[in-house]
Amino acid sequence: MSYSVGQVSGFAGITVRTLHHYDKAGLLSPSDRSPAGYRLYSDADLARLQQILFYRELGFPLDEIATILEDPQANALDHLRARHRLLNEQISKLRRLVEVAEHAMEVQQTGVELTPEERFEVFGEVTFDLTYATQAHLKWQHREGHQRSMARAAAHSKEDWATIMAEAADWRLRLLAAFDAGKPADGTPAMDLAEEHRQHITRWFTPCPTDMHTRIADDFTTDPRAFALAVPPTEQRPGLAPYLRTAIYANGVRQSPDSGG
């Protein structure tokens, strides 16, 4: 059977202009013409078009498609393997770009008013996953306490953030030293570190009563992203998150009015 340009265009879901371009490029020329001179495509032409569209879908340039179809010695498998490698590289690049875009959106939603260079300089590794902070913002954005906390965070200068991060780094060193030394999580040194963490939050962000602090501690053991904001992954130890949670709970009991703390 023979098919007109319009019919083939409808079958293949491509434009008549594309078919004319393939003809002009010598990639797909109709096998016949009608008595009136119109192009007519055969079943073999349609089979060839199907191959062309398959390779085009994979991103092959037209000249490479022509080589594959015209050269009997051409190894289509080698071409497909090369295209497979290239597509995987492009996928990896796009995934990295998606991560960068997501990270940029996360940082913007935290309210921290620093340039990207300043954020990297100040926060370092902590900036690589702010999804926990972002989701907390989206969840609690209408709560007065959270709004106050975000307003204070947004008002901090680069120097403020440098001080905050330095305090946090010093605190982490002492936390790790207590943990590595095997000091009990409900002992005075660990509880003092828990209280210091609570006061740090109060001083720089929002009043943090002990019940709020214990809720934060619960997140430390259930959401790795939450704990990573307190202790970056490269500094973590197995069992450290439960250790800190226990210390925070013990400190909460110590600070309660009934305990006299």
Side-chain angles (χ1 to χ4, degrees), residues 1-110 112 115-117 119-120 123-139 141 223-225 228 233-234:
M1 293 184 64
S2 296
Y3 309 92
S4 68
V5 173
Q7 287 175 312
V8 174
S9 172
F11 295 155
I14 58 177
T15 65
V16 171
R17 183 176 181 179
T18 297
L19 287 170
H20 288 165
H21 178 64
Y22 289 169
D23 186 7
K24 185 175 180 180
L27 191 61
L28 178 67
S29 297
S31 299
D32 201 3
R33 286 185 178 270
S34 69
Y38 294 110
R39 296 177 176 87
L40 294 176
Y41 293 84
S42 66
D43 289 333
D45 294 333
L46 293 184
R48 182 181 175 90
L49 176 60
Q50 187 177 36
Q51 289 181 288
I52 293 169
L53 296 179
F54 167 73
Y55 287 117
R56 286 297 288 161
E57 186 70 20
L58 293 176
F60 281 84
L62 294 183
D63 56 350
E64 190 171 353
I65 296 175
T67 299
I68 296 172
L69 297 182
E70 298 299 334
D71 184 359
Q73 302 302 316
N75 190 328
L77 183 58
D78 287 342
H79 286 275
L80 288 170
R81 283 172 175 160
R83 180 59 50 176
H84 183 266
R85 286 193 300 270
L86 179 61
L87 289 171
N88 275 324
E89 291 170 2
Q90 292 173 341
I91 289 170
S92 297
K93 182 178 179 180
L94 288 172
R95 282 176 177 161
R96 289 194 297 271
L97 290 174
V98 168
E99 290 171 1
V100 169
E102 289 175 346
H103 173 58
M105 291 187 291
E106 290 157 11
V107 172
Q108 289 298 321
Q109 291 182 84
T110 61
V112 177
T115 67
E117 293 78 10
R119 289 191 187 102
F120 184 81
F123 294 111
E125 182 184 359
V126 178
T127 60
F128 292 140
D129 191 351
L130 290 175
T131 56
Y132 173 78
T134 302
Q135 289 178 4
H137 170 62
L138 295 176
K139 181 178 180 180
Q141 58 183 314
D223 193 330
R225 301 169 305 169
T234 55

>> Pair L62, I65 - check side-chain contact (heavy atoms from CB on, under 4.5 Å), show working.
In response: CA-CA 5 Å; L62 294 183; I65 296 175; 4.3 Å; yes

Per-pair distances, 0.1 Å, donor-acceptor, side chain in residues 23-34, under 3.5 Å, sequence neighbours excluded:
| from | atom 1 | to | atom 2 | distance (Å) |
| --- | --- | --- | --- | --- |
| D23 | OD1 | S29 | OG | 2.9 |
| D23 | OD2 | R39 | NE | 2.8 |
| S31 | OG | S42 | OG | 3.4 |
| S31 | OG | D45 | OD1 | 2.8 |
| S31 | OG | D45 | OD2 | 2.8 |
| R33 | NH1 | G37 | O | 2.7 |
| S34 | OG | A36 | N | 3.3 |
| S34 | OG | G37 | N | 3.4 |
| S34 | OG | Y38 | N | 3.0 |

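- Residues satisfying the side-chain hydrogen bond (donor to acceptor under 3.5 Å, both in side chains) criterion with E64, sequence neighbours excluded, are H79.
- Between atom CD1 of residue I52 and atom CD1 of residue I14 there is a gap of 8.5 Å, rounded to the nearest 0.5 Å.
- Listed by chain and number, the residues in a side-chain contact (heavy atoms from CB on, under 4.5 Å) with D63 are P61 (sequence neighbours excluded).
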> Could you go step by step and tell me if L49 and Y41 meet the side-chain contact (heavy atoms from CB on, under 4.5 Å) rule?
Replying inline: CA-CA 10 Å; L49 176 60; Y41 293 84; over 6 Å; no

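- Residues F60 and L80 meet the side-chain proximity criterion, which asks for heavy atoms closer than 4.5 Å.
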> Going through the checks in order, is the side-chain contact (heavy atoms from CB on, under 4.5 Å) test met by T15 and H21?
Replying inline: CA-CA 10 Å; T15 65; H21 178 64; over 6 Å; no

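- For residues 46-59, the set of pairs meeting the side chain to side chain donor-acceptor pair (under 3.5 Å) definition, not counting sequence neighbours, comprises R48-E70.
- Residues forming a side-chain contact (heavy atoms from CB on, under 4.5 Å) with R85 (at least two apart in sequence, or on another chain): R81, A82.
- With sequence neighbours excluded, the residues satisfying side-chain hydrogen bond (donor to acceptor under 3.5 Å, both in side chains) with H84 are N88.
- Applying the side-chain hydrogen bond (donor to acceptor under 3.5 Å, both in side chains) criterion to S9, with sequence neighbours excluded, gives no partner residue.
- Applying the ring-ring contact (aromatic ring centres under 6.0 Å, His included) criterion to Y22, with sequence neighbours excluded, gives no partner residue.
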